Structure formats: structure tokens, C-alpha cells
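Keep in mind it's a predicted model, so treat the numbers as computed, not measured.
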Amino acid sequence: MKRLITILLSLLCAVAAFSQSAEQITKILSSSELTYGEASYLAATALGLISDDAGFGEAIRTAESEKMLKGTHTADEKINVRDFAYLCATAWGINDSLFFWRTHTKRYALKELKADGIIPASYKPERHLTGQEALAIVTRCLDRTPEDYGNTNIEEEEE
């Protein structure tokens with residue numbers, strides 16, 4: 001029951017936060033193993049880098065050009081937890097960990113997101129995510145406030 005409520009809340013947050021087309025979100029939510037194209041679409045639309053009617057191919061090209069992914073991948077290739085953690089950490093600038101900040105590796109991105117409670121600690125690096133799990137992780141990234149980040153260049157407004 002708790003999982004169902006979490007999934008429904010994630011779906012509502014995602015629709016409100018991203019304003020993606022229902023077709024793309026439906027495809028992502030029904031995915032039993034998330035692809036690089038779907039993962040890139042979630043991040044790129046959340047950041048406003050692509051429109052909500054863009055395809056997964058355009059999304060992955062944008063993610064690669066923005067250095068959210070290491071290496072070259074196809075839109076249909078399955079993404080694992082370690083690579084998804086790197087995508088999220090670089091997309092949202094989550095670099096609180098000294099090791100991730102210095103090395104900028106997938107391993108330390110995953111450790112950072114697990115330590116922050118964004119990715120469940122039980123997830124193994126090579127595990128594949130479902131669309132619902134990925135959407136919940138993206139929602140947790142979006143829910144972070146500037147105060148949650150260790151290294152931020154956001155200046156306080158003066159009154």
C-alpha cells in the first residue's frame with residue numbers, strides 16, 4: 001500500500017514538475033528496465049533542456065552534450081543504477097562528497113546519492129531500474145532545496 005501511494009505521489013509530482021507528454025511518461029512508467037533514452041528524457045525535461053514532446057534520441061544526445069553521461073550510449077540500451085546515479089548527480093549538481101567532487105566517477109556518485117537517501121541503500125550498482133523507481137529518484141532529486149547541497153553557488157537574496 002505504501003509503495004502504491006509513493007508511486008502515485010511520484011507520478012503526480014512528475015506531471016506537475018516536468019509537464020511531459022502523457023505518452024512519454026506512460027512509456028517510462030510501464031518500463032520494466034529503464035533505458036538511457038528514458039533516463040535522459042527525465043533529466044533533460046526536468047531541467048528544461050528539451051521540450052516535453054522531444055524523443056528519447058534527442059534526450060540522450062542532449063544529456064551526452066551536457067556531460068550528464070560518460071561514454072556513448074544508444075537510447076534503447078538499459079541503464080544501471082550506477083550510471084543513473086551519475087546522470088542525476090551531474091544533472092542536479094549533487095557533489096557534496098569530497099570523493100565525487102574530486103574524481104567525478106560513477107562509483108562515488110552512487111555512494112553520494114545513497115548517503116543522501118535519494119537512492120535506496122539496498123540497490124546494487126549493476127541493478128536495472130524500473131521506470132517507476134527512476135521517477136521516484138528524480139522526484140527526490142527535484143525535492144532537494146539549495147540548503148541540502150554542500151557546494152552551491154546560489155546567492156541569498158538581500159532584503
Side-chain angles (χ1 to χ4, degrees), residues 1-97 100 105-144 148-149:
M1 183 68 175
K2 185 176 179 181
R3 182 178 175 143
L4 178 63
I5 291 171
T6 302
I7 291 168
L8 291 174
L9 285 176
S10 295
L11 177 61
L12 290 174
C13 289
V15 171
F18 309 141
S19 300
Q20 288 120 328
S21 69
E23 182 181 327
Q24 299 288 49
I25 288 294
T26 301
K27 183 172 178 8
I28 292 170
L29 285 174
S30 64
S31 177
S32 61
E33 290 186 321
L34 192 74
T35 65
Y36 278 92
E38 292 165 341
S40 299
Y41 179 84
L42 288 173
T45 54
L47 296 171
L49 300 174
I50 61 172
S51 67
D52 62 333
D53 59 350
F56 296 141
E58 181 182 344
I60 197 166
R61 285 189 298 277
T62 301
E64 287 173 344
S65 71
E66 294 290 325
K67 309 243 186 296
M68 290 187 256
L69 294 172
K70 284 192 173 192
T72 304
H73 305 280
T74 64
D76 295 332
E77 186 181 343
K78 307 296 184 210
I79 189 169
N80 61 34
V81 172
R82 181 178 43 238
D83 288 358
F84 189 70
Y86 183 83
L87 174 102
C88 291
T90 55
W92 281 278
I94 302 171
N95 58 359
D96 302 340
S97 161
F100 180 63
T105 61
K106 297 173 189 179
R107 174 184 179 178
Y108 289 113
L110 178 57
K111 286 181 173 277
E112 176 64 27
L113 295 187
K114 282 183 174 184
D116 288 351
I118 294 172
I119 292 179
S122 63
Y123 285 14
K124 302 291 184 204
E126 295 302 321
R127 180 184 188 277
H128 292 281
L129 294 167
T130 66
Q132 295 171 351
E133 292 167 336
L135 193 56
I137 291 167
V138 168
T139 302
R140 286 192 285 274
C141 287
L142 288 169
D143 286 344
R144 286 177 53 114
D148 295 330
Y149 296 95

Between atom [atom1] of [X] and atom [atom2] of [Y], what is the distance when rounded to the nearest 0.5 Å?
X	Y	atom1	atom2	result
Leu29	Glu133	CG	CD	11.5 Å
Arg127	Asn80	CZ	CG	11.0 Å
Tyr123	Ile137	OH	CD1	6.0 Å
Thr90	Lys67	OG1	NZ	11.0 Å
Leu49	Arg61	CG	CZ	14.0 Å
Ile25	Leu42	CD1	CG	6.0 Å

Check: Side chains of His73 and Ile60: closer than 4.5 Å at any heavy-atom pair?
Finding: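 Counting from C-beta outward, His73 and Ile60 do come under 4.5 Å.
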
Next item on the list: Check whether any side-chain heavy atom of Thr72 lies under 4.5 Å from a side-chain heavy atom of Glu64, and answer yes or no.
Entry: yes

Is there a donor-acceptor pair under 3.5 Å between the side chain of [X] and the backbone N or O of [Y]?
X	Y	value
Ser40	Gly37	no
His128	Ile79	yes
Lys27	Glu38	no
Thr35	Ala75	yes

Identify the heavy atoms of [X] and [Y] that sit nearest to each other, and give their distance.
X	Y	answer
Gln24	Ala54	NE2-O, 2.8 Å
Leu34	Ala39	CD2-CB, 3.7 Å
Arg140	Ile118	NE-O, 2.7 Å
Thr130	Ser32	CG2-O, 3.5 Å
Trp92	Ala43	CH2-CA, 4.0 Å
Pro120	Lys114	O-CE, 3.8 Å

Notebook entry, point to check: Out of Leu110, Leu69, Leu129, Leu113, which residue meets the side chain to side chain contact (heavy atoms under 4.5 Å, CB included) rule with Phe84?
Noted result: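 That would be Leu129.
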
Next item on the list: Please work out whether the ring planes of Phe56 and Tyr41 are parallel, tilted or perpendicular, with thresholds of 30° and 60°.
Entry: perpendicular

Checklist line | Polar contact flag, side-chain donor to acceptor under 3.5 angstrom, Asp53-Ser51 | finding: yes

